[in-house]
Asks: 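Here it is: the structure, laid out below.
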Amino acid sequence: MKIILLISIVLLFFGCGNANNVAKNPPLVNLVVQQDKYSLIFKHQFYSNFEIYDKNLAKFIVETNLSFNISNALSNNGVNDLNIVKGTVDFKIFDKINSKIINTGSISSSINTGSVSSLYSVDENNNFVKERIAKYLASKLYRKILLNTHTSEN
């Protein structure tokens with residue numbers, strides 16, 4: 001009885017699972033952006049995905065170009081105009097060690113906004129939409145870079 005109790009205590013403390021906890025660190029990325037408001041929001045959101053970042057140890061360089069396009073569309077009943085704000089980020093992923101291009105491409109997202117009456121509301125609405133699109137595109141680019149860098153390392 002003592003042996004069974006001793007074995008159960010040992011298994012309780014050490015466990016009998018074969019859990020292989022390997023935490024892979026994300027690749028270190030140096031993001032190059034334009035120096036405007038939405039690109040800096042984009043950069044901040046992109047780096048918030050990383051836990052540790054050291055610019056001197058960056059293995060990958062990503063050059064980006066964030067742009068927005070606003071177009072008009074009609075609503076269902078044809079009375080109110082709707083705006084479609086489309087954000088696009090063009091990117092190039094470089095390997096800093098080999099100085100070769102890993103991937104190029106663009107990611108886009110769009111949001112429909114309703115009609116507002118005052119000019120101030122239109123400007124504030126467009127600013128808010130552009131900030132949301134910049135944050136969303138940053139998270140999409142982060143996932144795209146992780147996918148491309150992990151496949152290029154193997």
Asks: Taking atom CG of L31 and atom NE2 of H44, what is their separation to the nearest 0.5 Å?
Replies: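 L31 CG to H44 NE2: 13.0 Å, rounded to 0.5 Å.
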Asks: Give, for atom NZ of K130 and atom OG of S67, the distance between the pair rounded to the nearest 0.5 Å.
Replies: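 The NZ atom of K130 sits 10.5 Å away from the OG atom of S67.
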Asks: Looking at CZ of F42 and OH of Y136, how far apart are the two atoms once the value is rounded to the nearest 0.5 Å?
Replies: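 OH of Y136 is found 13.0 Å from CZ of F42.
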Asks: With sequence neighbours left out, what residues match T64 under side chain to side chain donor-acceptor pair (under 3.5 Å)?
Replies: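 Side chain to side chain donor-acceptor pair (under 3.5 Å) list for T64, sorted by chain: empty.
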Asks: Transitive ILVMFWY cluster of F128 at side-chain heavy atoms under 4.5 Å: who else is in it?
Replies: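 Hydrophobic cluster check, F128: no partners found.
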Asks: Using the side chain to side chain donor-acceptor pair (under 3.5 Å) criterion, which residues pair with D95? Sequence neighbours excluded.
Replies: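 Residues passing side chain to side chain donor-acceptor pair (under 3.5 Å) with D95: N98.
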Asks: Quick check: do F60 and I102 have side-chain heavy atoms less than 4.5 Å from each other?
Replies: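 Contact flag for F60/I102 side chains = yes.
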Asks: Taking distance alone, no hydrogens or angles, what donor-acceptor pairs closer than 3.5 Å link side-chain atoms of residues 106-114 to residues at least two apart or in another chain?
Replies:
| residue | atom | partner | partner atom | Å |
| --- | --- | --- | --- | --- |
| T113 | OG1 | N83 | O | 3.2 |

Asks: If the condition is side chain to side chain donor-acceptor pair (under 3.5 Å), which residues does E63 pass it with, not counting sequence neighbours?
Replies: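 Not a single residue meets the side chain to side chain donor-acceptor pair (under 3.5 Å) criterion with E63.
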Asks: I'd like to check the ring pair (Phe, Tyr, Trp, His ring centres under 6.0 Å) partners of F46; sequence neighbours left out, ordered by chain and number.
Replies: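 Testing F46 for ring pair (Phe, Tyr, Trp, His ring centres under 6.0 Å), a comparison that skips the adjacent residues, returns F50.
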Asks: Could I get the full list of side chain to side chain donor-acceptor pair (under 3.5 Å) partners for S121, not counting sequence neighbours?
Replies: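 Partners of S121 by the side chain to side chain donor-acceptor pair (under 3.5 Å) criterion, ordered by chain and then number, come out as S118.
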Asks: Please find the pair of heavy atoms, one from L66 and one from A134, that lie closest to each other, and give the distance.
Replies: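 Looks like CD2-CB, 4.1 Å.
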Asks: Members other than V32 in its cluster, when Ile, Leu, Val, Met, Phe, Trp, Tyr link by side-chain heavy atoms under 4.5 Å?
Replies: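 When side chains under 4.5 Å apart are linked, the cluster holding V32 also contains I61, F94, I101.
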Asks: Tell me every residue that passes ring pair (Phe, Tyr, Trp, His ring centres under 6.0 Å) with F68, counting only those two or more places apart in sequence or in another chain.
Replies: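 F68 satisfies ring pair (Phe, Tyr, Trp, His ring centres under 6.0 Å) with Y38 only.
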Asks: Go through the structure and list residues passing side chain to side chain contact (heavy atoms under 4.5 Å, CB included) with K135, not counting sequence neighbours.
Replies: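 By the side chain to side chain contact (heavy atoms under 4.5 Å, CB included) rule, K135 matches I41, Q45.
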Asks: Which residues pass the salt bridge (Lys or Arg N to Asp or Glu O under 4.0 Å) test with K37, not counting sequence neighbours?
Replies: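 Counting only residues at least two positions away or on another chain, K37 forms a salt bridge (Lys or Arg N to Asp or Glu O under 4.0 Å) with E131.
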Asks: Just to verify, what does N126 make a side chain to side chain contact (heavy atoms under 4.5 Å, CB included) with, not counting sequence neighbours?
Replies: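 So N126 forms a side chain to side chain contact (heavy atoms under 4.5 Å, CB included) with I70, V85, V122.
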Asks: Does K144 reach the side chain of N103, with side-chain heavy atoms less than 4.5 Å apart?
Replies: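 Yes. Closest side-chain heavy atoms under 4.5 Å.
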